[in-house]
Amino acid sequence: MRRAGRLTAEALDLLMEATVPGVTTEALDRLAYTFAMDHGAYPASLFYRGYPKSICTSINHVVCHGIPNDKPLREGDIVNLDICLILDGWHGDSSRMAYVGEVPRKAARLCEITYEALMRGIAAVRPGGSTNDIGRAIQAYAEAERCSVVRDFCGHGLGRSYHDAPTILHYVEPSYDVRLRPGQFFTVEPMINLGRPAVKVLSDGWTAVTRDRSLSAQFEHTVAVTETGVEIFTLSPKGMHQPVDIGM
Ligand code: MF3
Ligand code: CO
């Protein structure tokens, strides 16, 4: 899991650097596929339940599962780059927000809030704790910042498989609470909207957008519950996680 996570993070470092005005998400997808092949890895999303690409590229009001295409990115876009690499049978799943050139202040603020929400959720992971500790930390912070937490997509257990138990909700749900134990692997991947939480899936069957067309952002790490707390497997070797600090 450490090696799969590190390779996934290296792929994201490469993709982040390549995300500039004029580049197509199709070109980023090709870069990701080539990187995976060059490193003996396979992109988990490719042909997963009919998904056609190696990464998801979710721009502006796209919440998640945006499909790479030949439309160039434009200055001011915010784009989530999501990749899961399988290395020696183990999955590393991570996503980050990239700024395309200079972005509007409200977009940068949303990305910073979403990154902070992810890290607060991860900080709530401890053996003997429970999944609602994660959701509570994320929801309390995001809503205090007058943003909303998407309900329709969640984090997930992973390891030898891509999607496994437990489900990780990014909000509090008293009717679902799983005890955290050392050795569990899962993702934390909050999607945070500037407007309302409701989403709809477009007719391609994948692209999820905010119903009110408000901006949406997401960050994702793969983590493990340890004897003493939490370990993050998908940390950037280049320290490229957080978007440029604009100072909220
Ligand atoms: N990051 C998403 C996840 O954690 C990506 C889904 S890939 C897709 O599952 F193939 F389902 F689109
Ligand atoms: Co995931």
Side-chain angles (χ1 to χ4, degrees), residues 1 4-9 11-12 15-16 25-26 28-30 32-33 35-36 41-59 62-69 78-87 90-98 111 114-115 117-119 121-122 125 131 134-135 138 149-171 178 184-192 199-209 216-225 230 232-236 241:
M1 289 300 283
R6 189 186 325 116
L7 191 67
T8 298
L12 280 175
L15 293 172
M16 296 279 286
T25 47
E26 174 69 46
L28 297 176
D29 182 76
R30 213 170 309 128
Y33 179 80
F35 179 90
Y42 189 82
S45 74
L46 188 56
F47 307 131
Y48 175 80
R49 293 175 183 242
Y51 187 78
K53 298 287 179 178
S54 298
I55 59 174
C56 299
T57 50
S58 303
I59 304 164
V62 178
V63 173
C64 63
H65 302 166
I67 304 172
N69 62 25
I78 56 170
V79 53
N80 176 269
L81 305 169
D82 190 334
I83 182 165
C84 178
L85 291 181
I86 310 171
L87 185 65
W90 298 91
H91 290 70
D93 193 3
S94 186
S95 84
R96 302 183 205 154
M97 298 304 294
C111 292
T114 306
Y115 180 77
L118 167 66
M119 297 315 277
I122 292 172
V125 174
T131 53
I134 302 168
I138 292 168
V149 178
V150 170
R151 306 293 201 269
D152 301 70
F153 300 97
C154 54
H156 50 91
L158 77 175
R160 286 217 174 257
S161 50
Y162 189 3
H163 294 118
D164 208 335
T167 290
I168 305 295
L169 302 175
H170 304 111
Y171 57 95
V178 174
Q184 279 173 331
F185 303 141
F186 53 79
T187 71
V188 183
E189 48 181 305
M191 284 137 278
I192 306 293
V199 313
K200 70 174 175 195
V201 176
L202 301 185
S203 58
D204 61 20
W206 286 103
T207 311
V209 300
S216 186
Q218 179 179 27
F219 283 86
E220 173 179 20
H221 272 312
T222 296
V223 308
V225 185
V230 64
I232 304 176
F233 289 136
T234 43
L235 288 174
S236 165
H241 292 288

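The chain is numbered in sequence order, starting from 1. When a ligand or atom number is given, it counts from 1 through the structure's own listing order.
- Below 30°, between 30° and 60°, or above 60°: for H163 and H156 the angle between ring planes is above 60°, a perpendicular geometry.
- Using a 4.0 Å cut-off between heavy atoms, C64 makes no contact with ligand 1 at all.
- In this structure, Y162 has a heavy atom closer than 4.0 Å to ligand 1.
- Distances shorter than 4.0 angstrom do not occur between any heavy atom of T187 and any atom of ligand 1.
- Not a single heavy atom of S95 sits less than 4.0 Å from an atom of ligand 1.
- Considering backbone and side-chain atoms together, D93 places an N or O closer than 3.5 Å to an N or O of ligand 1.
- Here E189 has side-chain heavy atoms under 4.0 Å from ligand 1, and that is the only part of it that gets that close.
- A side-chain contact (heavy atoms from CB on, under 4.5 Å) with T222 is found for one member of V188, T234, I232 and no other, namely T234.
- Within ligand 1, the atoms closer than 4.0 Å to a non-hydrogen atom of S45 are 7 (S), 10 (F), numbered from 1 in the order shown.
- Not a single heavy atom of K53 sits under 4.0 Å from any atom of ligand 1.
- Close approach to H156 involves these atoms of ligand 1, each under 4.0 Å from a residue heavy atom: 3 (C), 4 (O), 9 (O).
- Within the sub-2.8 Å shell of the Co ion (ligand 2), the protein contributes these N/O/S atoms: D93 OD2, H156 NE2, E189 OE2, E220 OE2.
- Taking atom 8 (C) of ligand 1 as the reference point, the nearest protein heavy-atom neighbour is W206 CZ3, 3.8 Å.
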